[in-house]
Amino acid sequence: MRRRWHSEELIANFSLSAEDRAWLSGHSAAVQLGRAVLLACMHYEGRFPNQAHDVSVVVVEYLAQQLGLAASEFAQYDWSGRRGQMDREAIRKRLGFRIIRREDYADLARWLSDNQLLHETHEMGDLRNALLDHLRGQGLEPPSAKQLDRLIRTGLHEFEMRLFQNTSERLPAKSKVALDALVYTDDAEGEYRRSDIAELKMDSGKLGVKGILQEIERLSRLQQVELPDDLLAELTPNIIGRYAQRVLAEAPRELRRHPSAVRYTLLACFCWQRRQQVTDNVVRLLIQIIHRMNTRAETKVKKTFIEDVVRVTGKHQLLYQLAQAALTDPEGSVRDVIFSVVDEETLRRLVKEFKASGDYEEQVYRTLRGSYSQHYRRMVPEILKVLTFRSNNRAYQPVIEALELIERYAKSRQITYPAQEVVPIRGVIRPGWQSMVVETNAEGRSQINRINYEMGVLSSLRDRLRSKEIWVEGADHFRNPDTDLPQDFEAHRGHYYETLNQPLAASTFTSTLKRAMHQSLVQFNERLPNNPLVQILQRPLGWISVSPLPAQPEPTQLRYLKAEIEQRWSIVNLLDMLKETDLRVGFSLEFKSTASREALDPATLQKRLLLCLYALGTNTGLKQVSMGDHGESYESLRYVYERYITHASLRNAIGQVVNATLEVRQPHIWGEGSMACAADARKFGTWGENLKTEWHTRYGGRGVMIYWHVERGSTAVYSQLKSPSSSEVASMIEGLVRHSTDMDLNRTYVDSHGQSEVGFAFCYLLGYDLLPRLKNLHNQRLSLPERGEGSAYPHLQPILTKPIQWELIQQQYDQMIRYATAIRLGTAETEAILRRFTRANVQHPTYQALAELGKAVKTMFLCHYLDSEDLRREIHGGLNIIESWNSANRFIFYGKTVEFGSSQLKVQELGMLALHLLQNSLVYMNTLMIQQVLSDRDWYQRLTTADWRGLTPLFHTHVNPYGLVRLDMRERLPFLVA
């Protein structure tokens, strides 16, 4: 049972009726309270708690309060004795429950194997909850936890056997031959020899033509399998990915040992998922290559222009002299005024030089044409062979037609298209390039240069792919954008609006927001004259001046507190902290084998898991860790790493540690639970390249970004591996929606890169407060609620701007709710949705409405931010916490430059999650240590207000992150009070 409950939850789930209280009366206080706890738990969970301490103290106190008893009476109740057994039997009769019998197991296993839930998830927690709900509905008391898990595994096995057989029967013979070819190869003698499918499992290589041609070859091989479109239609991507993971973990010889039905299904799931991934990879490589071509051409031309300016001496001086002469005598003739300063021959040479250099855009195009025709052009026909582009918008059909034209003439040696060919120009070639695409021949007729035209088409294709106006068949990230939205939205519109806590009527939504916006402006306007730290200055465009926050007193006792912890526990190995956390929390139970069964005993598996997680999280590697004093070989660690450690299991383990940290926190030390987190990214270097490795313009160097969400108690609730050019706004929203913890987040602190008008809009629709620290605060503007209301806010006149277009918001309100619901449900990646709403797609009506909504919400935030010193200090403090978290990354992650030792995307993502788990374990153990020290009254009273403000469990002065790797599961840290 959960340990923390809100008052509303207690009232809804554990309130006793008048009949319940009458039934409980007539017994001693201890028996009344004990029976009440058993009755309430049976009502809520459909089962009795295994032990008395499984019941939350908060629940016991709430039940005792209803009965007018002391909660301490619960300790006197005979839980496991005769009294407890009699009360359980009485409650069963009262609620109509009975103990499960042996003959029920087969029916329950059959019910589970036929349940639609198994097509969606195989997580034991989800299946356990579904089965418990079914047992409660049938009036059956659940068996023990072990028997329940055995029952689930039986039902899951029956489901899988039926699934494997059905999938194998639906596969065409040609597809089966192609699948067998992945693990078998027919040689000249007719015998089978082993074939390596490692090539299909590999990540994309370096960005370039060679890399994209390798991905195209993989995609072509996967397409040759020719899986039926509806083969896996009943399974969710989660289940398909689970079976695909088994293929990734097993060698070809192990796959060959499976029965044919099992082998075909596993390989079909792998090919299905891998085909989507490789299709996305080809599109991403295409987008990045087109960007690289343009960027390198511009860089080369800029460099040439700068060299010209430097090489021709005195150009700036000549320009100055010409300007001064012209201004001195503006009415004079050119010969008298200009030639008297610069002679005619010098000017002729300057004109000739710049004519040779040409127009800047023309020079860029010319440079781009050279690199494309000589190097990149050979990839285009291969891309068009394996990718099929589509668009749902008629405005972009000319781009689709242009791609079909390019594919038809791919093998042609003609320099220009035939005169009779219809070549799309409008909506395909940007106006600045049309003069270079459309040439005039010797006869004075217009003709289309094929190379120039292909470059223009690819440039337009890149822009439309990024905004998903053009999509790709068979892709996942770049799939049909219509499938991103919930397909049952029309049927369940009311439910989705209610879930987002938004009104059905657009007019109600806008009127409420308009009223709140007006109130924020009025309050800020009235209080501004008395705010000494904020001024609105009368400059040409208005200027917001905010004085720095006054410095707060420095903590004086925290360094002594850390010294006391070091004295009590000495220097603690980081691996021992991870081990102690697991022994207390049990997060290693979240790691299940991707195979059909497990052969390792739990103790051995737990030890190897901890070593693998330590190796990944510290970036030291499995081979180095295997050399430690623990008795485990590299091969044994590699086995566990490949079969047990997955993204899902790591995220579940992180969630367990976060929830355990929240549970052990003592409110008198850490305060009541916070519902806020800070979000920011940190750059991690990489040795090699992958699809997410990019040059970072702000930090310099190649690498990837890890985007963290850290709550105010210094515990990270979510992490994401992103490319440096990815949207931080999308990452911010993704973490708020996807974190798998018990925290009920409702606001987030970000810097300037984590906010935008669209970000404000989506956060408002999803029920989150976006609280940024804006770098360009002085340039911000406040929007008006209505036209002509500027006079109502006289002190804000210099920074007021045009009013909000409420009509546009009302027109697109339903569509905005659709996209917000898609983000909440996860029917598409948040970044894929937000890509549609960028300035490159400014004509999109939903984007315009989101921008207007974002301006309104941002205006309310700015009014509150500028008006409240406490809010500014809160945001600043929250962002300082995430800076401390980033600093601890450097302490734990091996290597001074914080670089991943592998270029494989999977290894980097697992390393990020393992680092997340490791650092959260550090915070968990430090929380217990601090609480034990502060349980001493003298220590508790020593801390000042400044010390309580600066108290954090994120420190590591007493931690040894590396050194000799020694792990003894029998040793425990000295006693800690949880």
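Since the structure is predicted, the reported quantities are computational estimates derived from the model, not experimental observations.
For E9, the CD atom sits in a packed shell: over 12 heavy atoms of surrounding residues, nucleotides or ligands are nearer than 6.0 Å. Taking a 6.0 Å sphere around CG of D482, one finds it holds more than 12 heavy atoms contributed by other residues, nucleotides or ligands.
No side-chain N or O of S887 forms a donor-acceptor pair with one of S884 less than 3.5 Å apart. Between the side chains of E590 and Q656, at least one donor N or O sits under 3.5 Å from an acceptor N or O. Side chains of N690 and Q904: a donor-acceptor N/O pair is absent below 3.5 angstrom, by distance only. Remark: the Y243 side chain and the Q273 side chain contain no N/O donor-acceptor pair separated by less than 3.5 Å. For the 3.5 Å distance criterion, the side chains of R242 and Q245 fail to qualify, holding no donor opposite an acceptor. Side-chain atoms of S725 and E694 form a donor-acceptor pair, as typed in the model, at a separation below 3.5 Å. Residues T846 and Q812 bring a donor and an acceptor atom of their side chains to less than 3.5 Å of each other.
In this structure, H844 and F837 have side chains that are in contact, with non-hydrogen atoms separated by less than 4.5 Å.
A donor-acceptor pair under 3.5 Å is formed between the side chain of Q755 and the backbone N or O of S752. Remark: the backbone N or O of I817 is paired with a side-chain donor or acceptor of T821 at under 3.5 angstrom. Judged by distance alone, the side chain of R665 and the main-chain N or O of G713 form a donor-acceptor pair under 3.5 Å. Formation of a donor-acceptor pair under 3.5 Å by the N13 side chain with backbone atoms of Y44 is not found in this model. A donor-acceptor contact shorter than 3.5 Å is absent between the side chain of D769 and the backbone of R747. Side-chain N or O atoms of R824 include none that pairs as donor or acceptor with a backbone N or O of Y819 at under 3.5 Å. Between the side chain of H709 and the main chain of H739, no donor-acceptor pair closer than 3.5 Å is present. Remark: side-chain polar atoms of D582 are paired, donor with acceptor, to backbone N or O of F587 under 3.5 angstrom.
Judged as a side-chain hydrogen bond (donor to acceptor under 3.5 Å, both in side chains), and not counting sequence neighbours, the contacts of T121 are D126. Qualifying side-chain hydrogen bond (donor to acceptor under 3.5 Å, both in side chains) partners for W471, counting only residues two or more places apart in sequence or in other chains: N392.
Taking the six-membered ring where the residue is Trp, H916 and W708 present perpendicular rings, their angle passing 60° and hence far from 30°. Using bins of under 30°, 30° to 60° and over 60° for the plane-to-plane angle, the ring pair F861/Y865 lands in the tilted bin.
Aromatic rings from F893 and F684 are positioned such that their centres are separated by under 6.0 Å.
Across every non-hydrogen atom of D280 and A475, the tightest pair is OD1-CB, 3.2 Å.
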